[in-house]
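Everything on this sheet refers to the single structure shown next.
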Amino acid sequence: MKKVFCIGETLIDFIPAQKNKTLKEVTSFERVAGGAPMNVAIAVAKYGGNSVMLTKIANDHFGDYIMDILKENGVDTSYCLRSHEGETGLAFVSVDQNGERSFNFYRKNAADLLLSPEEVKSEWFQPGDLLHFCSVDLIESPIKLTHKKVIEDFRIIGGIVSFDPNVRFPLWPDEESCRRTIHEFLPLADIVKVSDEELTFITGIETENEAIQSLFTGNVKVVIYTKGSKGAVIYLKNGNHYEDKGFKVTVADTTGAGDAFIGGFLSELQSLDIPIENLCEKVSENHQRILAFANASGALTASVKGAIHAAPAKHHVLNFIATQRDKQCLQ
């Protein structure tokens, strides 16, 4: 089976024990291994895919914990380098009454930022492999250059590149730096996932359809537009699109829901084992299956607390889809 390489940050999320409070009001937290690329890698593995974490992890107790979690969830860690230089990044999270989050990050000396291009070998990647990345590790650092090298390697071998901007403003000097970097990397991807909360910021365009069409730049062939509880839409460069209304759940915590969504999407795409030149057409033929699975993955994850603990197994997702569709037929 082809591999899904997830490059970028691994960190520790401290999830609040109390909801509906600001960070200064929260008195206790639960430690959870996280980081968007790591969450995606775990989701892909839980859904039966062959996922790889490509990063640098600190030689500290939190780093040991992250390695254990990756291995326990079936992610290939043989491409994770350990470092005495950096530390494990930390993220403290508060959750409001709707399950939405705000963050405080502590990762200026995070080990993942130190992964250099020279430490990554082009021969690790094979034709048909998938690469997924986000924007958190695209701040000025060695790993930003490593992203460019790996993306170029995937372009040469005919791999598929997926980009979820996953905007986190506290990590950037200012919003314009974040936007500029996203625009720098966006044309390098084949697949772009963007949420309704991010679309206007990234594009600078208020009209939804016009904003989405502006994302088809460079190599972009597929745009996945997620709308939270309202589902998601796949837009194809050939002009076709498909919408899935999603699934209604009681939201407990949206941490990792978007990562579970794209993990579900990539795992289904991986199972099709299609070449890059057929990406648009093949997604078009299988859009219902792929998008329903991705939406169900995100919904189930949002219905329970914590990103990694929340990621469901594939049979849970399929059972959930079947049950929900049956309910719709009876209504």
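Side chains included, hydrogens not; waters and symmetry mates left out as well; all remaining heavy atoms used.
Scanning all heavy atoms of the two residues, the minimum distance from Asp137 to Ile143 falls at O-CG2, 3.1 Å. In terms of heavy atoms, Phe216 sits closest to Val220 at CD2-O, 3.7 Å. Across every non-hydrogen atom of Leu70 and Thr77, the tightest pair is CB-CG2, 3.6 Å. When every heavy atom of Thr146 is checked against every heavy atom of Leu115, the shortest pair comes out as OG1-O, 2.6 Å. Listed here is the closest heavy atom pair of Pro117 and Pro142: CD-O, 3.9 Å. In terms of heavy-atom proximity, Val317 sits nearest to Leu300 at CA-CD1, 3.9 Å.
Of the listed residues (Leu131, Val44, Leu130, Val52), just one forms a side-chain contact (heavy atoms from CB on, under 4.5 Å) with Lys3, and that residue is Val52. The side chain to side chain donor-acceptor pair (under 3.5 Å) test with Ser195 is passed by exactly one of Lys193, Glu197, Glu198: Glu198.
For the pair Ile160 and Phe154, the minimum side-chain heavy-atom distance is 4.5 Å or more. Counting heavy atoms from C-beta on, the side chains of Trp172 and Thr181 come closer than 4.5 Å. Contact of the Phe247 side chain with the Ile321 side chain is registered, since non-hydrogen atoms from C-beta on lie closer than 4.5 Å. A 4.5 Å side-chain heavy-atom check between Phe62 and Leu90 finds at least one atom pair inside the cut-off. By the 4.5 Å heavy-atom criterion applied to side chains, Trp124 and Leu54 are counted as neighbours. Ile151 has its side chain within reach of Phe133: a pair of non-hydrogen atoms, C-beta onward, lies under 4.5 Å apart. Proximity of Ile182 to Val167: side-chain heavy atoms (C-beta onward) are separated by under 4.5 Å at one or more points. Taking 4.5 Å as the limit, every side-chain heavy atom of Phe5 sits out of range of all side-chain heavy atoms of Val150.
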Check the pair Phe14 / Tyr106 against side-chain contact (heavy atoms from CB on, under 4.5 Å), numbers first and verdict last.
CA-CA 11 Å; Phe14 284 95; Tyr106 299 86; over 6 Å; no
Determine, step by step, whether Gln126 and Lys2 satisfy the side-chain contact (heavy atoms from CB on, under 4.5 Å) criterion, reporting the C-alpha distance in whole Å, the side-chain angles of both residues, the deciding distance to 0.1 Å, and the verdict.
CA-CA 8 Å; Gln126 302 299 319; Lys2 303 297 190 298; 5.6 Å; no
Leu23/Phe29 under side-chain contact (heavy atoms from CB on, under 4.5 Å): CA gap, chis, key distance, verdict
CA-CA 10 Å; Leu23 277 174; Phe29 297 84; 3.9 Å; yes
side-chain contact (heavy atoms from CB on, under 4.5 Å) between Met67 and Met53, intermediate numbers included
CA-CA 10 Å; Met67 289 291 289; Met53 192 67 215; over 6 Å; no
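Classified by interplanar angle (parallel below 30°, tilted 30° to 60°, perpendicular above 60°), the ring pair Phe163/Phe185 is tilted.
In the displayed structure, Glu176 atom CD is contacted under 6.0 Å by more than 12 heavy atoms of other residues, nucleotides or ligands. Residue-environment remark: NZ (Lys108) stays at or below the threshold of 12 foreign heavy atoms within 6.0 Å.
No donor-acceptor distance shorter than 3.5 angstrom exists from the side chain of Asn219 to the backbone of Ala189, with no hydrogens or angles considered. Between the Glu268 side chain and the Ala294 main chain, no donor and acceptor come within less than 3.5 Å of each other. Counting only distance, with no hydrogens or angles, the side chain of Ser51 and the backbone of Ala41 share a donor-acceptor pair below 3.5 Å. Asn238 contributes a side-chain N or O that, together with a main-chain N or O of Asn240, makes up a donor-acceptor pair within less than 3.5 Å. Distance alone, capped at 3.5 Å, places no donor-acceptor pair between the Thr226 side chain and the Ala232 backbone. With hydrogens and angles disregarded, no donor-acceptor distance shorter than 3.5 Å links the side chain of Arg107 to the backbone of Ala91. Panel note: side chain Lys227, backbone Tyr225; no donor-acceptor pair is recorded below 3.5 Å. With hydrogens and angles ignored, the 3.5 Å screen pairs a side-chain donor or acceptor of Asp76 with a backbone N or O of Ser78.
Linking ILVMFWY side-chain heavy atoms closer than 4.5 Å, directly or via other members, places Tyr235 and Ile205 in two distinct hydrophobic clusters. Leu114 and Leu138 fall into different hydrophobic clusters, where Ile, Leu, Val, Met, Phe, Trp and Tyr residues are linked whenever their side-chain heavy atoms come under 4.5 Å apart, directly or through other members. Side-chain heavy atoms closer than 4.5 Å link hydrophobic residues (I, L, V, M, F, W, Y) into clusters, and following such links, possibly through other members, connects Ile224 to Val40. Residues Leu236 and Leu272 share a hydrophobic cluster, clusters being chains of Ile/Leu/Val/Met/Phe/Trp/Tyr side chains in contact below 4.5 Å.
Salt-bridge annotation for Asp190 and Arg155: present, with a side-chain N of the basic residue lying under 4.0 Å from a carboxylate O of the acidic one. Of the charged side-chain nitrogens involved, at least one lies within less than 4.0 Å of a carboxylate oxygen, so that Lys144 and Glu184 count as a salt-bridged pair. For Glu9 and Arg168, the salt-bridge test fails: no basic side-chain N is under 4.0 Å from an acidic carboxylate O.
Taking CG of Leu145 as the reference point, atom CD of Glu118 lies at 8.5 Å (rounded to 0.5 Å). Here Cys6 contributes atom SG and Asp164 contributes atom CG; the two are 11.0 Å apart, rounded to the nearest 0.5 Å. If you take NE2 on His287 and CD1 on Ile234, they are separated by 7.5 Å, rounding to the nearest 0.5 Å. Between the CG atom in Leu171 and the CD1 atom in Ile139 there is a gap of 6.5 Å [rounded to 0.5 Å]. Rounding to the nearest 0.5 angstrom, the gap separating the CD1 atom in Ile7 from the NE2 atom in His147 is 4.5 Å. We find the OG-NZ distance between Ser229 and Lys245 to be 11.5 Å, quoted to the nearest 0.5 Å.
Residue pairs meeting the salt bridge (charged side-chain N to carboxylate O under 4.0 Å, His left out) criterion with at least one partner in residues 54-71, sequence neighbours excluded, are Lys56-Glu119, Asp64-Arg82.
Side-chain N/O atoms of Tyr47 and Ser297 include a donor and acceptor closer than 3.5 Å. Counting only N and O atoms by type, the side chains of Ser122 and Asp153 include a donor and acceptor under 3.5 Å apart.
No cation-pi contact links Lys121 to Tyr79, judged by a cut-off of 6.0 Å to the six-membered ring centre and 45° from its axis.
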